[in-house]
Number of protein chains: 2
Amino acid sequence: MSPGHPDLPALGLQACAEPSPCVEVKDVLARVGDKWSLYVVVNLHAGPLRFNELKRRIDGVSQRMLTLTLRGLERDGLVSRTVYPTQPPSVTYELTASGQTLLRPVAALVRWAQAHRDDIEQSRHAFDAQHPHAHTSGA
Amino acid sequence: MSPGHPDLPALGLQACAEPSPCVEVKDVLARVGDKWSLYVVVNLHAGPLRFNELKRRIDGVSQRMLTLTLRGLERDGLVSRTVYPTQPPSVTYELTASGQTLLRPVAALVRWAQAHRDDIEQSRHAFDAQHPHAHTSGA
DNA sequence: CCGAATCCTGATTGATACTG
DNA sequence: CAGTATCAATCAGGATTCGG
């Protein structure tokens, strides 16, 4: 029955079939999948940035959300926060070693997204066409 | 100043520094990062499953959320739905070719999560310890 | 300049009940 | 068995305002 599935179990995914042993993944996805974390991490990949510089680059993020995102990232040890007691105060954020390693798997996902963008777009269009009652919302 | 950053730009991430050109990624993360899609995809990796079988396996998912998740996945062409007009009706869900390819980058993320689980856990604990005002919530 | 606190809105989710 | 509909609760996110 099984078509030509490559054996994914070898990738360590079978351990993730149930919610309980898979909390770690939810964790990661919650961190990287939220609205802004990814942008912060990516923008920080080239070196430290100050708060408002980050805010200017991400443009669209509210200061509240940027603060919360940075706090979350900092809490998880993905980003470090450095305060320079100047006048006015200056604070910079930088990727930690962990934060840098995260970029790699994220990049894989990005590549997948780019490769399948058209397929998905097309698929959605086709699907919406034959499902009149606009529940287009994804899960 | 830049520490030993591997050149991430080569990974195609620099194109993602700003929201606009990065919609695709948000898309993917929205699909895979939501509460249940990942479980569905992973559970389907070994072959087709019926609705309630899926529901039983994921346990914790409400039938509503499973339906919505499957619809979203189907809409994006990641999962296919097959109806057998038996009595009672039987419906099976299966990963499409696209859906199968998604497992690979996801696995990379899973591996990262597993590898950094302890660091993150520890980091959170340390962070919470010196931040009394329980905003433990991540961003 | 950095960022914390408050208020308010809308999207997500879950429980329950009902239909084919 | 598979799926939909409705309702209520929760939560994330944005605008604004105040403090160090």
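On a predicted model such as this, the values are computed, not experimentally measured, just so you know.
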Report task. Whole angstrom is fine here: how far is it from CG in A:D59 over to C1' in D:dG14? Result -> 14 Å

Query raised in the report: Once you build an axis from the first five pairs and another from the last five of the helix from C:dC1-D:dG20 to C:dG20-D:dC1, how far apart in angle are they, to 10 degrees?
Result: 40°

Query raised in the report: What integer distance in Å separates B:D34:CG from C:dG14:C1'?
Result: 15 Å

Query raised in the report: Roughly, in whole Å, what's the span from CZ in B:R64 to P in C:dG14?
Result: 9 Å

Report task. Sequence neighbours left out, what passes side-chain contact (heavy atoms from CB on, under 4.5 Å) with A:E53? Give chain and number order. Result -> A:L49, A:R50, A:R56, A:R57

Report task. Identify which one of A:L109, A:L78, A:V106 satisfies the side-chain contact (heavy atoms from CB on, under 4.5 Å) criterion when paired with A:V32. Result -> A:V106

Requested in this report: Nearest whole angstrom, please: distance from the P of C:dC2 to the CG of A:L68.
Outcome: 17 Å

Query raised in the report: What pairs with B:K55 under side-chain contact (heavy atoms from CB on, under 4.5 Å), at least two apart in sequence or on another chain?
Result: B:F51, B:N52, B:V61, B:Q63, B:L66

**Report entry** Distance-minimising heavy-atom pair for B:S37 and B:L73
**Finding:** OG-CD1, 3.9 Å

Query raised in the report: Between C:dC7 atom C1' and A:M65 atom CE, what is the distance in whole Å?
Result: 13 Å

Query raised in the report: What ring-ring contact (aromatic ring centres under 6.0 Å, His included) pairs are there with at least one residue in residues 77-103 of chain B, not counting sequence neighbours?
Result: none

Nucleotide N/O to protein N/O under 3.5 Å, stretch nucleotides 1-3 of chain D:
unit_1, atom_1, unit_2, atom_2, d
D:dC1, O3', B:R50, NH2, 3.0
D:dA2, OP1, B:R50, NE, 2.9
D:dA2, OP1, B:R50, NH2, 3.3
D:dA2, OP2, B:N52, N, 2.8
D:dA2, OP2, B:N52, ND2, 3.0
D:dG3, OP1, B:R81, NE, 2.7
D:dG3, OP1, B:R81, NH2, 2.5
D:dG3, OP1, B:Y93, OH, 2.9
D:dG3, OP2, B:Y93, OH, 2.8
D:dG3, N7, B:Q63, NE2, 3.1
D:dG3, O6, B:Q63, NE2, 2.8

Query - Residue pair B:R75 / A:H131, side-chain donor-acceptor N/O under 3.5 Å - result: no

**Report entry** Any pair counted as ring-ring contact (aromatic ring centres under 6.0 Å, His included), so long as it reaches residues 103-122 of chain A, sequence neighbours left out
**Finding:** A:W112-A:H116

Requested in this report: Could I get the full list of salt bridge (charged side-chain N to carboxylate O under 4.0 Å, His left out) partners for A:R117, not counting sequence neighbours?
Outcome: B:E24

Query raised in the report: For A:R71 and C:dA4, is the shortest distance between a side-chain N/O and OP1 or OP2 below 4.0 Å?
Result: yes

Query raised in the report: How close or far is atom C1' of C:dA15 from atom NZ of B:K55, stated in whole angstroms?
Result: 11 Å

Query - salt bridge (Lys or Arg N to Asp or Glu O under 4.0 Å): pairs with one or both residues in residues 76-91 of chain A, sequence neighbours excluded - result: A:R31-A:D76, A:D76-B:R124

Query - Nucleotide C:dC1, atom C1' - distance to CG of A:L66 in whole Å - result: 13 Å

